[in-house]
Structures are given as structure tokens and as C-alpha cells.
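A note on names: the letters A, B, ... follow the listed sequences, proteins ahead of strands, and every chain is numbered from 1.
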Amino acid sequence: MADNRPRFYVTTAIAYANNQPGLHTLYEVIGADVIARWHRMLGDDTRFLTGTDEHSVNIAQRAAEEGMTPRAFVDEKVELFRSSENLLAITPDRFIRTTDPDHYRSAQEMVRRSHAKGDIYLGTYDGWYCPNEGFRTTSEVLETARGTICPNHPEVPLQWLTERNWFFRLSAYQERLERHFVDHPDFVQPDFRRNEMLGFIRSGLEDLSISRAGGGWGIPFPIAENGESALREDGSWDPEAGTIYVWYDALINYITGAGFPDDPALFAHWWPADLHVIGKDIARFHTIFWPAMLWSADLDAPRHVWVHGWLLVKGGERMSKSRGNFFDPNDVVAALGSDGARYVTLAEVAFDRDTEVSWESFIRRYNADLANDFGNLVNRTVSMANRYLAGERPGASDGGTLRTAWEATLPVYRAQLEGCLLHAALATLWEFVGAANRLVDAEKPWELAKTIKLGGADGESAALRLSAVLGDLVEACRLIALAGAPFLPASAPRILAQLGYPYPYASDGNAGPPLLGELAWGTHSGEEGRLEQAEPLFPRLDVEPDPGLAPG
RNA sequence: GGCGGGGUAGCUCAGUGGUAGAGCAGGGGACUCAUAAGCCCUUGGUCGGUGGUUCAAAUCCGCCCCCCGCUACCA
């Protein structure tokens, strides 16, 4: 592995495979995909991991309700995720499933390591148990005249169960966690999330039960009560040892996806991850439990955890499948196209907090930014170059205002993108789109073209001017397309083609020249080329009813 | 109850002491290369309420109201 490029490993949370995907779930996957593509284009050795979380009592229950085996059930759901992600041009380097065989080995190895370390011990867990859903917390049950009931299954009496299972000594890591948060202020971002988690740590950490009794739908717990291996002579796992609790299992996907434990060289290369992108509801698992689990196995904590917010609908209600108020990503792609869906989602929804959105706001954003501002900029630029310069591509000028604007834009854009403020990055790039549109109206190429026809000295100077202005506009379109390619991976090659440039990157952003070189103003200005005919990129849309909220 | 986030123009949001901002939507205008797009101008807000601190508060402090999330083993 003689690769001296900077390394970048980014992950999303794995999606719970109990249902079809919603845009609010894929939102973070689109964002992480953008970040991964950006790093690939920079030339970094990049790995992007996403996937599905497939164990748990709930899933086994749902499968049973539908008369399916858990495996067939999750296979079906996973296919829905994969097909929606394909529509959105999500390009993971691995799509991990917690049912993958190497993940079983990984999770079991983690248990063995923590057990050897003395961080796993036998204890008892007790609480209200709903036969349909498993253990319920006190905040999840209702006290009624008939006794304690589960709000989701009021007809089924709750049982007070005591279960013997394995506990992870989270409490032993309280001090180290606190120190880690202090020593690495950017471990958890944004800051207010970090503060929340630090507060939780300081309030005191309890040990965590990490096994479930019986041989249910989950990864077999590899250690028997006597501390010996639970592997039987016939190669099967002793069901008496139970299964690994699904959260303990799920978090481990990040190291499985990096080669643990089968490929130590690969794992040494990729771990620790540079960035976990997760939602605010699971911050505690990723910023507190997960580092402790890793430390217990003598592995490093991830470098950064970015906590994003949620999509909300009108009135501030969370978008969710159970509420039925979510956008089907397939509908969004059908309406806005793949790039349109990616762009609009990440431009309209802030990546650091909750944002209220609506179908109408999506369409408006698409029309304003993609159809009117950027799409039309490319279209008018290519049309004018064809009409006034016979399709010969003009070079960018050295001292124009657009160059100055670009050189101010790029560093800000880059910092915002790499800082996970994806909506801010797009806003920055689109200010430059505005600058290019304003240049057209300030310079009026159509008037320059008329002056050229008059001939003479005025005509000659107008010709120079026209070439310089259109050269700057072509260059602006090239730069926006390349810089924005992580967001608009399908459109970027089309735009470069219209401008007469080859597109040097693979469909996932790999294999091209280092992006920052390509993003220097005028890099390819000396090269001759011919523009293609102008072709609208983002057709303008009418505002239509919201298919996500429409009945039926 | 506790902790956290939020309540600023029709919409989505910037703005942590010094005469209220952006984008979109709406209205008007001049143009015409362009996807009836773009450009210029513009309407629009007692900054959730209330009481304080201050020469000065959206911005600091107190109290109150509303929305959302978390409050440990569903994920």
C-alpha cells in the first residue's frame, strides 16, 4: 500500500432496516456522499461507508407479522435503501450490513477483547417487558387503573422481567471521556452538541447491558456464562449465551467497514475514522458509548463526530416514517432529478440544526438556484459564445472582477464544506453565480457584438472585450461546475462538455487531477476547444402538490 | 420536573449593546445573450410577552408563554 496521499474515512449512521427510506434518513447520506466526493476529487485516499442496521427484536417482530424470516424481511428493506441511494447517486466504497459475516466476526471480537480487559461482566437487568417490543423504559410505559401498559400495545399486559446478561463497564471510562472531550474540543461538533454530551458524561455514567437472553435475531454472544467460548463443537453458537445487544453490534460497523478484524493492514490504514456523520438523536451512542467501547478494545476513538439536525415539516414537527409526513426520496428524484434532489436537500436544510421544509420550498429552491441562476447562467454563456464567437472557446482574462471574486469565494467555500456547513458552502458558491450573472448585464455582450460589426478601432477593442468577458464567463461556469461537482455529480460532466472540456473524474469523483489545481482561475485557458450547443440543465418546474403528503 | 435547541419581514433563516438584514415570494422598471430566466429599484417586521440594567437591547439580567428534542438500553 504505497500510497502517500492524505487519507480520509467518512461514515454515516447505518439506517434501521425496518421500513422504506425517507429523505430525512438519506439526508445525512447525501451530505456524507458530498464530503466523500470532495475528498476524492481533492486527491485524498478516501473511504466512504454507509449501510444498514438489521438486528433487534423489533425487526424480528415486524418480519413475523409479515410472515417472513427476519433475513428475507431485511433483504427486502435493504434493497429499498440501495435503490433509493442509487437514484441519488450515493457512491459508498462499501455498503455494510450488520448481517454481513465479517461484521459478525468483528462484533464478536470486540466482545472478546473487552471481556479479556475485564470490562464485561455478568449481571442482571430488570424492567418492564412488552412481549411485542422487548424491554421498555419507565418513561415509555403508562400507569393505568388496569396496571402498567405499553402505549403501543395496550391490550398486552406488561411483564416485570429480570434477565441475566452481560454488562459493559461504561462507568470505568467516565474520567477518560471527560478528559478526551476537554483535550479534543472539536471531537464533537457543533459546539452545543459537544456541550450536551459533556454534560451527560459529567452527570455520571452507568454500565450498559450489552447482551440479550436467548438465541434471537442478532449476533451470537461469543462467550458463555463460565467465561469460555460459546462456540460449540459442531461450529454453532450456544443459544444459551444469548445475542449481542443491537446497539453494541451496530456501532461496531464502523470498524468492520475499515477491515477489522480480518485485515489488520487495511484496518491500520483506515482507522481511526476521520468523520462520523450522525443525527442528533444518536449522539450519545457515538460520542460516549462508542469511544469507551473502542478504548476497551485498545482502539482509538474516531477523530470527529458531526451531529446534524432534522428535517421538520410546517409547524416544527419532525419528519418521520411513523408520522407519515416524510418525503419519499424517489418522489423527490422524480421531480427534481438526481442532482436537483441532492442540491435542494442540502441547500434548503441546514447541516447543523433542524430546518422546516415543504415540498413547495423544495420546488422554489430548485427553480431559483438551479433553473434560474445557475442553469440559465451556463445556458446564456454557452449560447453567447456560440453565437458571437462561432463556438470557439475564449480564454479567461487575468485581471477581471470575476477572478477576484472567485479567489475570495473558493477558500470560504472550501472551509465551509470541510467544516460540514454544507448549506453555507452552497450559499457561498451561489454568491459567485450571482456575480457571474451580474457581469453579463454589466458588460452587455450583445452590444459589444454590434460594435464589432461597425468595424474600425472601436470594433477591434469591442472584439477583445467580448472575448475576455465570455472567457471569464466560461471560466466561471467551469469553476462552479467543478467546485459544485460533489453536490451535482451528474451535471458537472454535462457542463464541462458544453464548455468543450473533457471531464477528468470518475463517476464517484476518483481518479482525476487534484481538484484544487483545477479550481485555480484560468488553469486551462490556454487550451483550445469548441463549445457544444447550449442544452438546458435544470428545466424550470411548476409548483405541484406535495406527493409526500398527498393522500394515498 | 431537569437539560438542550428554537420563537426576527408572507416563507426559510443571518444578526450576542449603537439608527432592523439576506435569499425566496410579491410590486415596479430598463434590457434581450438566456430555461418569460438574468439585471436594477421596491413593498414588507412594535425582533414571542413582560419587567429591569444601560446614554443606547433583537442582542445583557429576571419572570412568563409557545414549539421541538433528550432525559440511558426501540433504533
Side-chain angles (χ1 to χ4, degrees), chain A residues 13-18 53-59 61 125 127 130 132-140 152 165 167-168 170 190 192-193 195-197 199-200 203-212 245-250 279-285 288-289 309-310 312 314-318 347-350 353-358 360-361 364-365 367-388 423-424 427 430-431 433-434 436-449 470 473 534-541 543:
Chain A
I14 46 177
Y16 193 44
N18 69 335
D53 183 14
E54 307 182 16
H55 295 122
S56 85
V57 206
N58 270 337
I59 285 186
Q61 181 65 30
Y125 181 80
C130 169
N132 290 323
E133 290 194 71
F135 280 99
R136 313 299 296 165
T137 66
T138 38
S139 60
E140 288 171 326
N152 298 331
N165 51 30
F167 281 74
F168 175 72
L170 181 64
F192 72 94
R193 295 292 175 206
N195 293 337
E196 283 181 19
M197 293 305 109
F200 187 85
S203 75
L205 298 177
E206 297 170 13
D207 292 347
L208 219 56
S209 92
I210 59 159
S211 71
R212 289 293 178 271
Y245 169 54
V246 63
W247 253 113
Y248 190 86
D249 149 10
K280 64 178 184 178
D281 50 333
I282 54 176
R284 204 171 55 235
F285 293 99
I288 298 174
F289 301 168
W310 286 333
L312 309 176
K314 187 85 31 199
E317 193 176 64
R318 178 185 182 183
E348 194 67 10
V349 186
R353 58 167 187 278
D354 298 354
T355 308
E356 286 190 21
V357 298
S358 65
E360 198 187 332
S361 76
R364 273 211 303 258
R365 172 71 75 166
N367 279 337
D369 289 7
L370 292 178
N372 297 351
D373 288 343
F374 183 46
N376 185 53
L377 172 67
V378 174
N379 198 243
R380 69 200 304 209
T381 297
V382 173
S383 293
M384 286 190 286
N386 273 310
R387 178 182 297 222
Y388 301 138
H423 59 296
W430 251 250
E431 280 176 36
V433 172
N437 271 319
R438 285 190 292 279
L439 182 75
V440 178
D441 289 85
E443 297 289 349
K444 299 182 173 52
W446 50 93
E447 288 187 2
L448 292 170
L470 292 179
L473 290 170
E535 193 80 38
L537 295 158
F538 306 104
R540 201 180 151 80
L541 300 173
V543 178

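- Taking A:Thr355 as the reference, nothing meets the side-chain hydrogen bond (donor to acceptor under 3.5 Å, both in side chains) condition, with sequence neighbours excluded.
- Taking atom CH2 of residue A:Trp430 and atom P of nucleotide B:rA14, one finds them 21 Å apart after rounding to whole Å.
- The separation between A:Met197 atom CE and B:rU71 atom P is 10 Å, rounded to whole Å.
- Nearer the 5' end of RNA chain B, as judged by each residue's closest nucleotide, is the contact made by A:Asn379, out of A:Asn379 and A:Asn437.
- Across all strands shown, A:Gly204 has heavy atoms under 4.0 Å from base atoms, whether or not it also approaches the sugar-phosphate.
- A distance of about 23 Å separates the P atoms of B:rG62 and B:rC67, rounded to the whole Å.
- Closest approach of A:Ile14 to A:Ala250, counting heavy atoms only: CD1-O, 3.7 Å.
- In this structure, A:Arg212 does not pair ionically with A:Asp249, as no charged nitrogen and carboxylate oxygen lie closer than 4.0 Å.
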Between N or O atoms, less than 3.5 Å apart, protein on one side and nucleotides 30-32 of chain B on the other: list the pairs.
none

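- Note: CD1 (A:Ile288) to C1' (B:rC3) measures 13 Å, nearest angstrom.
- For A:Arg387, a side-chain nitrogen or oxygen approaches OP1 or OP2 of B:rA34 to under 4.0 Å.
- Taking atom CZ of residue A:Phe192 and atom P of nucleotide B:rU16, one finds them 16 Å apart after rounding to whole Å.
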Restricting to nitrogen or oxygen on both sides, can you table the protein-nucleotides 27-29 of chain B pairs closer than 3.5 Å?
none

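- Atom name C1', nucleotides B:rU16 and B:rA56: the rounded distance is 15 Å, in whole Å.
- Closest of all the heavy-atom pairs between A:Met384 and A:Val440 is CE-CG1, 3.9 Å.
- Taking NZ from A:Lys280 and CZ from A:Phe192, the interatomic distance works out to 7.5 Å, rounded to the nearest 0.5 Å.
- In terms of position on RNA chain B, the residue among A:Glu348 and A:Ala368 whose nearest nucleotide sits closer to the 5' end is A:Glu348.
- Look at A:Arg284 and you'll find a side-chain N or O under 4.0 angstrom from OP1 or OP2 of B:rU71.
- Between the CG atom of A:Asn18 and the P atom of B:rC74 there is a distance of 14 Å, given to the nearest Å.
- Annotation: the span from A:Leu370 atom CG to A:Leu537 atom CG amounts to 9.5 Å, rounded to 0.5 Å.
- Heavy atoms of A:Ser361 sit nowhere under 4.0 angstrom from any nucleic acid atom.
- Separation of the C1' atoms belonging to B:rG5 and B:rU43 is 33 Å when rounded to the nearest angstrom.
- Closest to the A:Pro536 side chain, of the nucleotides B:rC74, B:rA72, B:rU35, is B:rU35.
- Rounding to the nearest 0.5 Å gives a distance of 10.5 Å between CG of A:Leu208 and CG of A:Asn165.
- To the nearest whole angstrom, the two C1' atoms, one in B:rC40 and one in B:rG18, are 31 Å apart.
- For a distance-only test at 3.5 Å, the side chain of A:Asn372 fails to qualify as a donor-acceptor partner of the base of B:rA37.
- A:Asn386 comes within contact range of no nucleotide atom at all, as no heavy-atom separation falls under 4.0 Å.
- A:Glu535 places its CD atom 20 Å from the P atom of B:rA37, with the value rounded to the nearest Å.
- Taking atom C1' in both B:rG45 and B:rU8, one finds a spacing of 8 Å when rounded to whole Å.
- Qualifying side-chain hydrogen bond (donor to acceptor under 3.5 Å, both in side chains) partners for A:Tyr388, counting only residues two or more places apart in sequence or in other chains: none.
- Nucleotide B:rG1: paired with B:rU71 (Watson-Crick or G-U wobble, both distances less than 3.5 Å).
- Taking only side-chain atoms of A:Arg364, from C-beta outward, the nucleotide of B:rC11, B:rC40, B:rC33 with the closest atom is B:rC11.
- With sequence neighbours left out, A:Arg540 forms a side-chain hydrogen bond (donor to acceptor under 3.5 Å, both in side chains) with A:Asn372.
- Summarising the base pairing, B:rG26 is matched to B:rU42 through a Watson-Crick or G-U wobble pair whose two defining distances lie under 3.5 Å.
- Looking at heavy-atom distances under 4.0 Å, A:Asp373 makes contact with sugar-phosphate atoms alone, never a base.
- In this entry B:rG21 has B:rC13 as its Watson-Crick or G-U wobble partner, both defining distances falling under 3.5 Å.
- The separation of B:rA37 from B:rA25, taken at their P atoms, amounts to 9 Å, rounded to a whole angstrom.
- When all heavy atoms of A:Leu377 and A:Arg380 are compared, the closest pair comes out as O-CG, 3.3 Å.
- Going from atom CG of A:Asn58 over to atom P of B:rC74 covers 9 Å, rounded to whole Å.
- The residue A:Glu196 sits close only to the backbone: its heavy atoms come under 4.0 Å of sugar-phosphate atoms, none of a base.
- Candidate nucleotides B:rA34, B:rC13, B:rG4 were compared by shortest atom distance to the side chain of A:Arg353, and B:rC13 ranks first.
- A:Gly375 comes within 4.0 angstrom of a base, heavy atoms only.
- Across all strands, A:Thr355 comes closer than 4.0 Å only to sugar-phosphate atoms, never to a base (heavy-atom distances).
- Base engagement by A:Leu537 is indicated by at least one non-hydrogen atom pair under 4.0 Å involving a base atom.
- Ring geometry, A:Phe374 versus A:Phe538: the interplanar angle falls from 30° to 60°, so the pair is classed tilted.
- Side-chain proximity of A:Arg380 to B:rU35, B:rA34, B:rG5: nearest is B:rA34.
- The side-chain hydrogen bond (donor to acceptor under 3.5 Å, both in side chains) test applied to A:Asn195 returns no partner, not counting sequence neighbours.
- Atoms CG (A:Asn367) and C1' (B:rA37) sit 10 Å apart, rounded to a whole Å.
- A:Arg540 comes within 4.0 angstrom of a nucleotide base, judged by non-hydrogen atoms across all strands.
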